[in-house]
Chemist: 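Sharing a structure here in structure tokens format.
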Amino acid sequence: MSIMKTIKIFDTTLRDGEQSPGASMNIEEKLRIASQLEKLNVDVIEAGFPIASDGDFEAVKKIAQTIKGPEIAGLCRANIKDIDRAWEALKYAGDRGRIHTFIATSDIHMERKLQMKPAKVLETAVKAVKHAVSYTPNVEFSCEDAVRTRLEFLAEMVEAVIDAGATTVNIPDTVGYSIPFEYFNIIKYLKDNVPNIDKAVISVHCHNDLGLAVANSLAAIQAGAGQVECTINGIGERAGNCSLEEIVMALRTRRDIMPFENSINTEHIYAASRLLSTVTGIAVQPNKAVVGANAFAHEAGIHQHGVLMDKETYEIMTPESIGLNANKLVLGKHSGRHAFVARLNELGYDLPKEDVEKAFVRFKSLADKKKEIFDEDLDAIVADEIIRIPEIVKLVQMNVSSGSFAAPTATVELEVKGKVKRVAVIGDGPVDATFKAIKKLTGMKPYLVNYSVGSITGGTDALGECTVRLEHDGHEVLGQGSHSDIIVASAKAYINALNKALDVAQRTRVEI
Ligand code: KIV
Ligand code: ZN
């Protein structure tokens with residue numbers, strides 16, 4: 001009987017994923033995501049880029065101290081200072097700590113960005129790996145822009161860093177340029193031409209600029225790669241990374257022709273996807289594979305008929321396999337604490353007692369106004385009451401008058417760094433007046449990039465959800481708020497974005 005090869009799942013939601021515009025997360029939020037990744041049982045969590053900022057460092061350290069199952073990786077450039085700083089945070093994970101160091105290897109990057117000759121780049125990489133190995137044998141080296149690197153040089157580099165002690169070599173498609181056939185051949189070339197290749201795991205890291213990240217990763221696995229780098233919901237630089245849920249479900253669904261195992265507890269996928277959207281405010285498109293709202297919805301009559309007769313007519317995987325419970329339990333005003341907590345747990349929220357209490361109070365008040373409470377309402381409650389705090393700026397109360405004959409006026413009371421302040425401001429409309437009042441009270445002057453409103457569920461009693469994208473001091477941040485009054489939801493979203501902007505400002509990052 002042949003033993004199936006196991007593909008390691010390396011999740012970089014907290015590092016590459018965080019590089020998505022507006023996706024920056026604070027330590028608390030990163031820890032929540034890391035716990036969910038632990039439940040998913042990923043092999044490696046790339047927790048951040050420790051030298052990038054003090055906030056990144058603290059987050060990596062906290063995750064290394066707290067998370068028990070997966071290995072914890074930290075990214076660093078190929079220099080001594082970055083590596084020392086990374087290990088300083090990673091050492092708390094003991095032998096599960098992984099140093100991930102990288103340097104660009106393509107001609108265009110070496111000439112124009114690094115302004116270094118190939119021989120110098122090779123020497124720098126080897127020196128960095130040797131230094132990393134002095135801390136831990138668990139060292140990953142990435143050849144940034146590997147896909148556009150001359151193959152002979154790529155092979156030379158891979159051989160040298162393995163000799164220096166790297167146990168994982170990553171071959172990224174940094175700019176999302178490759179196609180499956182070409183990427184297969186690159187991995188195959190390395191397998192065939194690097195004499196010591198069997199001493200390391202080949203990793204792949206694909207960006208999705210041409211929508212091919214998952215397809216390329218699958219091709220690489222078929223060519224011999226043993227690790228896939230991916231993110232929840234496929235978030236990441238520009239068009240994002242290979243999506244974890246898609247690659248894992250593709251491997252699982254097509255095991256008939258791809259005989260590979262992985263460690264993922266797929267029934268936690270849906271909760272991971274929702275949690276990430278809630279934390280970052282980045283919604284999943286409805287037609288997104290695996291986790292989109294329509295992924296298991298069979299609208300067309302002919303499909304519905306087929307599914308009712310036999311699920312396998314149109315369903316290649318079950319909603320239950322990703323933790324999506326088809327029999328949604330709807331809560332209402334008579335639902336007790338027990339049913340409420342049970343549903344939260346099913347949705348993947350494992351909250352401490354005091355957070356459950358806060359959420360339950362808000363649930364009861366919503367249930368008084370709204371007949372049925374759906375999962376989406378619970379997400380909004382958890383996001384509003386638990387995830388979006390701690391806040392430097394807090395909404396205390398507000399009142400807005402508007403209509404067709406009086407000037408729209410917003411009276412807003414905020415607590416800013418512990419001090420309560422109130423102001424009344426006239427605007428072009430109720431939202432404009434509200435935002436102007438908040439700006440006046442905080443003294444912040446962000447640029448409003450985008451503002452959108454939606455309803456979380458159907459019906460006129462539905463919770464309104466507002467998303468605000470702001471630019472402040474060169475950073476883009478995304479805020480969300482929900483309330484049955486859409487102007488209050490707008491104020492909450494604006495304040496949430498301001499809090500994120502204040503948090504980001506404290507964590508000045510170095511650019512990769
Ligand atoms: O895309 C890339 O090349 C990266 C590396 C730093 C691994 O993210
Ligand atoms: Zn990347």
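In listed order, ligands and their atoms are each counted from 1.
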Chemist: Considering the heavy atoms of E144, write down every atom of ligand 1 situated less than 4.0 Å from one of them.
Modeler: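 So the atoms of ligand 1 that pass are 3 (O).
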Chemist: Can you list the ligand 1 atoms lying under 4.0 Å from a non-hydrogen atom of T174?
Modeler: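 Answer for ligand 1: 1 (O), 2 (C), 3 (O).
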Chemist: Counting both backbone and side chain atoms, is some N or O of D16 under 3.5 Å from an N or O of ligand 1?
Modeler: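 Yes; the residue has a nitrogen or oxygen that sits under 3.5 Å from a nitrogen or oxygen of the ligand.
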Chemist: So which bit of R238 gets within less than 4.0 Å of ligand 1, heavy atoms only: side chain, backbone, both or neither?
Modeler: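 Neither part.
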Chemist: Checking the N or O distance criterion of under 3.5 Å, is ligand 1 in contact with H205?
Modeler: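 Yes: some nitrogen or oxygen of H205 is under 3.5 Å from one in ligand 1.
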Chemist: Look at R98 together with E46 and state whether they make a salt bridge at an N to O cut-off of under 4.0 Å.
Modeler: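 Result for this pair is no, no salt bridge flagged.
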Chemist: Give yes if a backbone or side-chain nitrogen or oxygen of R15 is under 3.5 Å from a nitrogen or oxygen of ligand 1, and no if not.
Modeler: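 N/O-N/O distance below 3.5 Å exists for this pair.
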Chemist: Does NZ or CZ of R85 lie under 6.0 Å from the centre of the six-membered ring of F57, at an angle within 45° of the ring axis?
Modeler: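 Because its charged atom sits under 6.0 Å from the ring centre and within 45° of the axis, R85 does stack over F57.
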Chemist: Angle class for the Y451/F435 ring planes (parallel below 30°, perpendicular above 60°, tilted otherwise)?
Modeler: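 Y451 vs F435 ring planes: perpendicular.
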Chemist: Does Q19 have a heavy atom less than 4.0 Å from any atom of ligand 1?
Modeler: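 No, Q19 has no heavy atoms under 4.0 Å from ligand 1.
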Chemist: Below 4.0 angstrom from a heavy atom of H207, which ligand 1 atoms are there? Numbered from 1 as shown, please.
Modeler: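 Those qualifying, in numeric order: 1 (O).
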Chemist: Any atoms of ligand 1 less than 4.0 Å from a non-hydrogen atom of P172? List them with their elements.
Modeler: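 Answer for ligand 1: 3 (O).
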Chemist: Take the angle between the ring planes of H205 and H207 and call it parallel below 30°, perpendicular above 60°, tilted in between.
Modeler: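 Rings of H205 and H207: tilted, 30 to 60°.
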Chemist: Name of the D16 N, O or S atom nearest the Zn ion (ligand 2)?
Modeler: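 Nearest to the Zn ion (ligand 2) within D16's N, O and S set: OD2.
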Chemist: For ligand 1, is any non-hydrogen atom under 4.0 Å from E237's backbone (N, CA, C, O), its side chain (CB onward), both, or neither?
Modeler: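 For E237, no heavy atom sits under 4.0 Å from ligand 1.
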Chemist: Taking N41 for the side chain and I264 for the main chain, is one N or O donor matched with an acceptor at less than 3.5 Å?
Modeler: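 Checking the backbone N and O of I264 against the side chain of N41, no donor-acceptor pair under 3.5 Å is found.
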